[in-house]
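Only one structure is covered here, and it is reproduced in the block below.
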Protein chains: 2
Amino acid sequence: MRELENLNSCKSCVYNKLLFGGLTDEELDFFTEHKQELEFKKGEIISKEGAPITSFLYLKEGLVKLYKESPGSKSQIISIAKPLDFISLLSIFSNSTYKYNVAALEDTVVCSIHLDAFKKVIGQNGPFALEIMSKMSKMYDDIIESRFEINRKHLRGRIAFILLYFSNHIYHSDEFELPISRREIAELIEMTTENVIRILSEFRKDNIVQIDGKNIKLIEPERIESICKLG
Amino acid sequence: MRELENLNSCKSCVYNKLLFGGLTDEELDFFTEHKQELEFKKGEIISKEGAPITSFLYLKEGLVKLYKESPGSKSQIISIAKPLDFISLLSIFSNSTYKYNVAALEDTVVCSIHLDAFKKVIGQNGPFALEIMSKMSKMYDDIIESRFEINRKHLRGRIAFILLYFSNHIYHSDEFELPISRREIAELIEMTTENVIRILSEFRKDNIVQIDGKNIKLIEPERIESICKLG
DNA sequence: TAAATGCCATGATAAATATCATATCTAGGA
DNA sequence: TCCTAGATATGATATTTATCATGGCATTTA
């Protein structure tokens, strides 16, 4: 992890309008004083389950995974966060320590705002509070929704689901490089690594995807959609 | 559904201190004007997926289930809400329509505060906003946590989990009456109705629970704990 | 009262999935 | 450079779970 020099003010930050629409100049200056940009290399741990929460974190660049490790069983990936997602989201208002781990899947830049400063502004700016609540709710809803969706599918449907997830929600293209290993896919969609590999092979043999290592190309997205829908 | 007469002010409501610690008298009066208590009989639907959200709802008395119905597959129960839980929670700040259904498992009293009024107070009272966010986060965290926990267990572990859930979190007793059918248990912990019945029978034969219809008595809670932990 | 419906119950069987074994390939470290 | 650990790959087998069939029981409805 590397702390970037604190050159940029939040006021000039291209993300502030997307994320923090309703803030005054004073509030943005206040955040500027209490923020820090952090850079993480691929594979680095950003936060750990059980560690105290001291800041509000959101992703500026890169890709991270939120995951849980439970003794004696495999780890489970809760979700993948992309730029502009809040990554210290779950737990931040409900717990003093993180309830899950966060690790960088790519080189990543995180903006870290000191928690007290963040809460102070929420407390004084109602519309901002509502905005954060709305974004928070959306993220929680998405996680819960996709958990239930994955659970009612069979293995082929789950693989179809995750391929479409990367294609539609992360890369916006039929062709992309998987940011995670087969094992991590397994941890994300509740199946074994062997079966992830097996079913990706099936899809390749059926000619609905091209696979070369981590490089994926969806040849027949419509068929993948229908496999996903059927479950 | 029956609308109760609006006799009680929020100021005198026994729940207000538990739920809404930081409100001024004026704000409580404001809520009194914009609230309505609703009574639902067991089995009644409180809100439906897709219906517009017009109020903030919380449970005063009774027990409800939050569930999703998806065409062509069984419904899935997301969670069970008990008194003081927010039931219009998910979606309320992120969507204009409900993302799931809510139905009463017992005779139930719901307090309904008009959404605009609720948002207005959040916007003007920062500590209250933080309080609501904290409670919201906790509920979301619990749902997500238990989803992941259920998913890494085998059937026996799931049954143990749900027995302990009712015992520890709902009834606070080793002896209780199940508020839901075997089919609903199945919808809640991701298994088939037959297997719920089968495994409850196994537990009965193994003498770790007494079962008489919906009446349950945990004979050996420690063994149930260990079955739950092992998965 | 009778019929019907839904819930509880159990067994037999089929299907889905995990586990185990093994092999190849690759990337990173000594 | 070689060596090792981990990722990918595939087959055989075992385990877990779902499905199907059937019946009893209770509760609602005609």
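Naming: A, B, ... by sequence-line order, numbering from 1 per chain. All values reported here derive from a predicted model rather than from experimental measurement. Scope of the values below: all heavy atoms of this structure, side chains included, with no hydrogens, waters or symmetry mates.
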Six-ring centre of B/Y67, B/K65 cation under 6.0 angstrom, axis tolerance 45°: yes
Protein-nucleotide distance (A/N151, atom CG; C/dA16, atom P), rounded to Å: 17 Å
Cationic tip of B/K60 above B/Y15 ring, under 6.0 Å, 45° of axis: no
Mutual orientation of the aromatic rings belonging to B/F118 and B/F56 [parallel < 30°, tilted 30-60°, perpendicular > 60°]: parallel
N/O (side chain, B/S201) to phosphate O (OP1/OP2, C/dC8) under 4.0 Å: no
Between C/dT24 (P) and A/I197 (CD1): distance, integer Å: 16 Å
Flag, side chain of B/S55 to backbone of B/L57, donor-acceptor distance under 3.5 Å: no
From CA spacing to verdict: side chain to side chain contact (heavy atoms under 4.5 Å, CB included), B/L59, B/L84: CA-CA 5 Å; B/L59 196 58; B/L84 298 189; over 6 Å; no
Spacing between B/I211 atom CD1 and C/dA9 atom C1', to the nearest angstrom: 11 Å
Contact pattern, 5' to 3', of nucleotides 13-30 of chain D - B, S or - by protein heavy atom under 4.0 Å: ----SBBB----------
Closest listed nucleotide, where the reference is the side chain of B/R182 and the choices are D/dT10, D/dA7, C/dA9: C/dA9
For atom CZ of A/R183 and atom C1' of D/dA9, their distance in whole Å: 16 Å
Pairing residues for A/N151 by the side chain to side chain donor-acceptor pair (under 3.5 Å) criterion, not counting sequence neighbours: B/E190
N or O in side chain of A/K214 less than 4.0 angstrom from D/dT8 OP1/OP2: yes
Between C/dG6 (P) and B/E187 (CD): distance, integer Å: 14 Å
Atom-pair distance (CD1 on A/I180; C1' on D/dG6), nearest Å: 16 Å
Separation of C/dG6 C1' from B/E184 CD (nearest whole Å): 12 Å
A/E202 CD - C/dA16 P separation (whole Å): 11 Å
Side-chain donor-acceptor pair present, B/Q36, B/S112, cut-off under 3.5 Å: no
